[in-house]
Amino acid sequence: MSNAAEPANIMEAIVSLAKRRGFIYPSSEIYGGLNGFFDYGPLGAELKKNIRDCWWNDMVRRRDDIVGLESSIIMHPKVWEASGHVAGFTDPLVDCKVSKQRYRADQLFFAPVYIAQFALGRGSVGEASPPPSGFTWSNSPIFYVSALETENVEETLKEAAREHKRKKSIPGEFRLGGIRDMTEAKPEEIELIPSPATGEPGSLTEPRSFNMMFQTNVGAMTDASSVAYLRPETAQGMFVDFKNVVDTTRVKLPFGIAQIGKSFRNEITPRNFIFRSREFEQMEMEYFIHEDADWARCHEEWIAWCENWLKSIGLPASHLSRYTHPKEKLAFYSKGTVDIMFKYPFGVQELWGIAARGNYDLTQHATASGKPQELFDETSKKKFVPHVIEPAVGVDRILLAVLCAGYAVEDVTDEKGNVEKRTVLRFSPRIAPVKVAVLPLLKNKEQLTNRAKALHAKLQKRYAVQYDDGGAIGKRYRRQDEAGTPWCVTIDFETIEQPGDTFTLRERDTMAQRRITESELFSLLDEHVY
RNA sequence: GCGGCUAUAGUUUAAUGGUAAAACCUCUGCCUUCCAAGCAGGUGUCGUCGGUUCGAUUCCGACUAGCCGCUCCA
């Protein structure tokens, strides 16, 4: 059961297998591909659908307190203003071309420096304190200084100015012009501002803003009034439709609204296969609770629920861990966020975020829309805005996790003692793209193929199954191993010659074989596929 | 967006300034009584565009995509 693949190459092997077996293709490949986008092939589409269905069934259908929703991908642009995405998604960045350092423009401060000189010119500049008698300030800045955001930016900048004066032997008093950050720099100033890394000007780029929301235009006109965004998260749909759900579905606190759907983020660096892509699918649920409810307990319950759900689709507990966001890094409205982490081959990464968001979102939308988002408390006779616990997970990240966790290359020793490699994807039967493969032992015996086709047709009504009569039986077993099919049933001579109508059931993980009847097979599937 | 490395069949890899090879996979046929058997066939515009050259898959440049490191990840 050893994992023969080198850890360093394991992602490469998984990407290669995913392509070869039809799980995942690069998007638009015949045109050279498109960075950050992927297509799901026949097996990938089944796998992904199964993950969605498991989640939807467990989260919505098998609970009495959660209802489903499908909101539109393009929503009113004001939704994203209220949610903070229009402002908060813009992170202008500045690069230093020499040191290759990158800074957030709003965290990189600069100031022009003026030097006292004899009063030869036409008066002082700016709003500075009066110059010493007999001197006036230089008309234009002699040089610029810069500093990263610290507790005392002004002092740091002054220190930098003193240092520069000393190095360049510039005499006289100095004063700083207004301190600004790089987002406020004029184009002609960029060249003059020194890089914090080198201390020399000329290497900084203009601030470039990376708003991660994809923009489009709605309607025939392409102007400012038609701008709309592809949603960067599905959550806002649940908040915006909160009152609709409350008014039309008889839900009572605590209750949740769940949604599965595509979201879009123009990521600067898509990386790690489908882990961070620009078009991805989210499964989010907003669980609304009373403002006086014990949110911390509810939060913990949802974290545990999510962990158990991940285990139920076959992710090993050994690969799961928790990361609690430090208080000081939380958004001001957040009471706490815990990420369930997964040990991917490329590192331990965020899989499922469970955030206690207070009533921030509903309050924002109430303010922005002018429509109160309140419920009435019959006990206290007061209106209140519910708080929310939000478990948010990416389908694609789960799919990658089950691919990585299930992938194994084993050494198999045959009867003659030869060691061969067996590649297998150990998907849980719940999510496996193919539940069972139906194989006639031999292709050229009609009795076998007829019985096999009949069984296949019967299974096909309820389950994703495959019929395969190509090549030797061993090869077909291995082919199903690579597709992650948990069981194969082989129609052999015992099936048609012995009483009992039994088949060979071959298990993927152990390669063990046993006899099984048709009704036993259906019971087996019924037990494990739900 | 920056730096380094890379791009040959579906996959993994060769060779070569004179238009390419192997294995595996896949498909068709034959054969095959339980773990990638065998035989016979089929499937390739060397990522794209341009430059140098009599001639470029090979050398150069740009672009696109991938990997690694920065950066980013509300």
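Each chain gets a letter, A, B and so on, in the order its sequence line appears, and its residues count up from 1. Note that the structure is predicted; figures quoted are calculated from it, not measured.
Distances were taken from every side-chain heavy atom of A:Gln513 (C-beta onward) to each of B:G66, B:G69, B:C35; the shortest belongs to B:C35. The side chain of A:Ala472 lies closest to B:U32 when the candidates are B:C67, B:U32, B:A74. In the set B:C35, B:A74, B:U32, the nucleotide with an atom closest to the side chain of A:Leu442 is B:U32. Closest to the side chain of A:Arg478, from the set B:U32, B:A36, B:G66, is B:A36. Checking B:C35, B:A36, B:A74 against the side-chain heavy atoms of A:Glu233 singles out B:A74 as nearest. Here B:U11 is the nucleotide among B:A65, B:U11, B:U33 with the atom lying nearest to any side-chain atom of A:Lys19.
With respect to A:Glu446 and A:Arg451, no salt bridge is recorded, no charged nitrogen being found less than 4.0 Å from a carboxylate O. At a threshold of 4.0 Å, the pair A:Arg21-A:Glu482 counts as salt-bridged, since one of the basic side-chain nitrogens sits closer than that to a carboxylate oxygen.
With a cut-off of 3.5 Å on both pairing distances, B:A56 has no Watson-Crick or G-U wobble partner at all. The base-pairing partner of B:C70, taking Watson-Crick or G-U wobble contacts with both distances under 3.5 Å, is B:G1. Remark: B:C30 base-pairs with B:G38. Criterion, Watson-Crick or G-U wobble with two distances under 3.5 Å. Nucleotide B:A65: paired with B:U6 (Watson-Crick or G-U wobble, both distances less than 3.5 Å). B:A14 is unpaired under the criterion used here, namely a Watson-Crick or G-U wobble arrangement in which both key atom distances are under 3.5 Å. The partner of B:C46 is absent, by the rule that a Watson-Crick or G-U pair needs both atom distances under 3.5 Å. Using Watson-Crick or G-U wobble geometry with both donor-acceptor distances under 3.5 Å, B:A20 finds no partner in any strand shown.
Taking the P atoms as reference points, B:U13 lies 11 Å from B:A7, given to the whole Å. Across the P atoms, B:G42 and B:G3 are found 48 Å apart, a figure rounded to whole Å. For the P atom pair drawn from B:U48 and B:G10, the interatomic distance equals 12 Å after rounding to whole Å. A gap of 44 Å separates the C1' atoms of B:C5 and B:A40, to the nearest Å. Taking atom C1' on both B:G51 and B:C24, the two are 38 Å apart, rounded to the nearest angstrom. Across B:C68 and B:A15, the matching C1' atoms stand 28 Å from one another, rounded to whole Å. Rounded to a whole angstrom, the distance from the C1' atom of B:C67 to that of B:C27 is 33 Å. Taking atom P in both B:G47 and B:G66, one finds a spacing of 16 Å when rounded to whole Å.
When each of A:Leu441 and A:Glu29 is assigned the nucleotide of RNA chain B bearing its nearest heavy atom, the one mapping closer to the 5' terminus is A:Glu29. Nearest-nucleotide mapping onto RNA chain B: of A:Ile491 and A:Asn272, the residue sitting toward the 5' end is A:Ile491.
Atom CG of A:Leu43 and atom P of B:G10 are 19 Å apart (whole Å). As a whole-Å value, the separation of A:Tyr477 OH from B:A37 C1' is 16 Å. In this entry the distance linking CG of A:Leu448 with C1' of B:U33 reads 9 Å, nearest Å. A:Ile14 has its CD1 atom 16 Å from the C1' atom of B:G66, to the nearest Å. Atom CZ of A:Arg271 and atom C1' of B:G66 are 10 Å apart (whole Å). Between A:Arg422 atom CZ and B:A36 atom P there is a gap of 11 Å when expressed in whole angstrom units. Separating the CG atom of A:Asp468 from the P atom of B:A36 is a distance of 15 Å, rounded to the nearest angstrom. Separating the CG atom of A:Leu17 from the P atom of B:G10 is a distance of 17 Å, rounded to the nearest angstrom.
Using a 4.0 Å heavy-atom criterion, one finds that A:Gln480 contacts no nucleic acid atom at all. Using a 4.0 Å heavy-atom criterion, one finds that A:Arg476 contacts no nucleic acid atom at all. Contacts of A:Phe37 with the nucleic acid, taken as non-hydrogen atoms under 4.0 Å apart, are absent. Backbone-only engagement by A:Glu420 is indicated by non-hydrogen atom pairs under 4.0 Å involving sugar-phosphate atoms exclusively. Within the 4.0 angstrom heavy-atom criterion, only backbone atoms of the sugar-phosphate kind lie near A:Ser16; the bases stay farther away.
Using cut-offs of 30° and 60° on the angle between ring planes, the pair A:Trp295 and A:His299 is tilted. In this structure, A:Phe275 and A:Phe346 have perpendicular ring planes: the angle between them is above 60°, well past the 30° mark. Taking the six-membered ring where the residue is Trp, A:Phe239 and A:Phe288 present perpendicular rings, their angle passing 60° and hence far from 30°. Taking the six-membered ring where tryptophan is involved, the planes of A:Phe37 and A:Phe214 are tilted, since the angle between them lies from 30° to 60°.
For the pair A:Met341/A:Arg322, no side-chain contact is recorded, criterion being any heavy-atom separation below 4.5 Å from C-beta on. In this structure the side chain of A:Arg508 never reaches within 4.5 angstrom of the side chain of A:Trp487, judged on heavy atoms. In this structure the side chain of A:Phe38 reaches within 4.5 angstrom of the side chain of A:Phe273, judged on heavy atoms. A 4.5 Å side-chain heavy-atom check between A:Glu279 and A:Arg265 finds every atom pair outside the cut-off.
The side chain of A:Asn444 places an N or O atom within less than 4.0 Å of a non-bridging phosphate oxygen (OP1 or OP2) of B:U32.
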Would you tabulate the pairs of protein nitrogen or oxygen atoms and nucleotide nitrogen or oxygen atoms of nucleotides 21-29 of chain B closer than 3.5 angstrom?
| residue | atom | partner | partner atom | Å |
| --- | --- | --- | --- | --- |
| B:U26 | OP1 | A:Arg479 | NH1 | 2.5 |

